[in-house]
Amino acid sequence: MASAPTDSSRPVFRFAPSPNGRLHLGHALSALTNEALERRFGGRLLLRIEDIDLTRCRPEFVEGIGADLEWLGIRFEPGFRRQSQHFDDYAAALAKLHQQGLIYPCFCSRQEIRNAAAAREAEAGQSWPVDPDGAPLYPGLCKGLDSGEAERRIAAGAPHVLRLDMAAAIAASGRPLSYEVFDADDVRHSVPVAPERWGDVVLARKDVPTSYHLAVTVDDASQGVSHVVRGRDLEAATDVHVLLQHLLGLPTPLYHFHRLLRDDGGQKLAKSRDSQSLGALRDDGISAAEIRRQLGFT
Ligand code: GLU
């Protein structure tokens, strides 16, 4: 496995929100943790807008992110990368995986996947495995599809995703992979990856020619990110990213997973659950200094 860049240049950190809603306290925690570690290590802090979801991401949310981060007083390097402007980069990565025979088109709907999983469950008399996010593993319905038949369906305009053949990808990687986790004192420990628990993940969606996993992997490398600081909710997904880095010949950054904020019901804060936005807190008269204090930053 390639190690994190260790040249004399400064460590590179990034905060990478998706503009599909207003930022909430959980984002503030993530951005502030990035800032604190970046300062401690004398690094650079980049902003990346993860806007591959062209239906849910909106320009006003991009503006909102800028306004909220400025209000919090977090200084990023000028300019930012927008994933929607880099679809060609993701296509190039897909082509590389295609050449290695590691991806295949899949025409299944979510419902078909659920039905197939339920049928296998009934047949085997035991529960069908789910991924770390709780979704049923892809039961491989399109995996054995004749390539001529797949091409015919694609030519006819059938909606499809591209999936990673996980077993083949792990075999191609050749040996057990791992990555290093760092803490605020730069003490590191190695973590083995188990990407098989995700099954044949989607690398290009029906509506956009990439997916979260692929875009984040390609971009961290393109931006020279050496230190990825993200919430614990993305710890398991890191296994897929490390596998992709290996297959694409990209370096593996160091990782740090920060705690998650929970609401009163114990649920992780999320845009989809209308967690109180930073904008609403600001309108209520709360200062950025109070937010920093509340989250444990001075
Ligand atoms: N865009 C992702 C999110 O908002 C985070 C990116 C990452 O750290 O991989 O949850």
Side-chain angles (χ1 to χ4, degrees), residues 4 11-38 43 45-58 61-62 64-66 68-69 72 74 76 80-86 89-90 93 131-133 179 181-182 191 193 195 198 201-203 205 208 210-245 248 250-262 267-275 277-278:
V12 179
F13 292 73
R14 57 38 165 205
F15 175 56
S18 300
N20 52 15
R22 293 302 301 263
L23 297 188
H24 54 64
L25 275 178
H27 294 106
L29 176 70
S30 198
L32 289 166
T33 307
N34 263 290
E35 181 194 54
L37 290 168
E38 173 261 320
L45 181 55
L46 311 181
L47 176 63
R48 182 165 76 228
I49 298 295
E50 302 216 317
D51 59 347
I52 60 168
D53 190 330
L54 302 173
T55 50
R56 290 173 63 218
C57 294
R58 295 206 234 120
F61 294 139
V62 178
I65 288 170
D68 291 341
L69 294 174
L72 278 173
I74 301 180
F76 290 87
F80 57 85
R81 183 176 173 101
R82 282 187 86 131
Q83 291 190 321
S84 58
Q85 291 171 355
H86 293 276
D89 297 353
Y90 314 133
D131 71 22
D133 285 345
Y179 63 92
V181 167
F182 71 99
V191 178
V193 302
W198 289 96
V201 286
V202 171
L203 294 187
R205 293 160 37 157
V208 279
T210 186
S211 69
Y212 161 68
H213 292 307
L214 185 69
V216 85
T217 302
V218 169
D219 282 354
D220 282 338
S222 302
Q223 294 189 287
V225 173
S226 59
H227 290 62
V228 173
V229 175
R230 51 163 60 142
R232 286 200 188 122
D233 52 340
L234 293 174
E235 197 166 355
T238 304
D239 292 7
V240 176
H241 308 163
V242 171
L243 175 62
L244 290 175
Q245 286 151 8
L248 293 167
L250 304 174
T252 293
L254 299 166
Y255 289 89
H256 176 92
F257 303 103
H258 60 72
R259 71 190 167 100
L260 300 177
L261 295 182
R262 308 268 166 197
Q267 295 271 50
K268 187 185 90 174
L269 296 190
K271 290 176 197 140
S272 50
R273 273 195 293 276
D274 275 340
S275 301
S277 70
L278 294 178

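This is a predicted model, so every value here is computed, not measured. Along the sequence shown, the residues carry numbers beginning at 1. Order of listing sets the numbers, starting from 1, for every ligand and every atom in it.
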Participant: With distance as the sole criterion, is a donor-acceptor pair present between the side chains of Asp53 and Tyr212 under 3.5 Å?
Facilitator: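 Tyr212 and Asp53 do not have a side-chain donor-acceptor pair below 3.5 Å.
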Participant: How long is the straight-line distance from CG of Asp68 back to CZ of Phe61, given to the nearest 0.5 Å?
Facilitator: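 Here the rounded value is 11.5 Å.
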Participant: Got a second to check how far Asp219's CG is from Tyr90's OH, nearest 0.5 Å?
Facilitator: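 Atom-to-atom, Asp219:CG and Tyr90:OH are 3.5 Å apart.
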Participant: As an exercise, identify every atom of ligand 1 less than 4.0 angstrom from a heavy atom of Ser18.
Facilitator: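 Ligand 1 atoms under the 4.0 Å threshold to Ser18: 1 (N), 4 (O).
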Participant: Relative to the heavy atoms of Glu50, which atoms of ligand 1 are at a distance of less than 4.0 Å?
Facilitator: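 Reading through ligand 1 atom by atom, the close ones are 1 (N), 2 (C), 5 (C), 6 (C).
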Participant: What do you reckon, does Arg14 put a non-hydrogen atom under 4.0 Å from ligand 1?
Facilitator: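 Arg14: in contact with ligand 1 (<4.0 Å).
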Participant: Rounded at 0.5 Å granularity, tell me how far CZ in Arg14 sits from CZ in Arg230.
Facilitator: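 Reported to 0.5 Å precision, the distance equals 5.5 Å.
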Participant: For the 3.5 Å polar cut-off, considering only N or O atoms, please tell me whether Arg230 and ligand 1 meet it.
Facilitator: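 The answer is yes, given that Arg230 and ligand 1 share an N or O pair closer than 3.5 Å.
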Participant: Atoms of ligand 1 less than 4.0 Å from Leu234 heavy atoms?
Facilitator: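 Every atom of ligand 1 under 4.0 Å from some heavy atom of Leu234: 5 (C), 7 (C), 8 (O), 9 (O).
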Participant: Checking ring pair (Phe, Tyr, Trp, His ring centres under 6.0 Å) between His227 and each of Phe15, Tyr179, Phe13, which is the one that passes?
Facilitator: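 Only one of Phe15, Tyr179, Phe13 forms a ring pair (Phe, Tyr, Trp, His ring centres under 6.0 Å) with His227, namely Phe13.
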Participant: Counting from 1, what ligand 1 atoms have a heavy atom of Val216 closer than 4.0 Å?
Facilitator: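 By the 4.0 Å cutoff, the relevant atoms are 9 (O).
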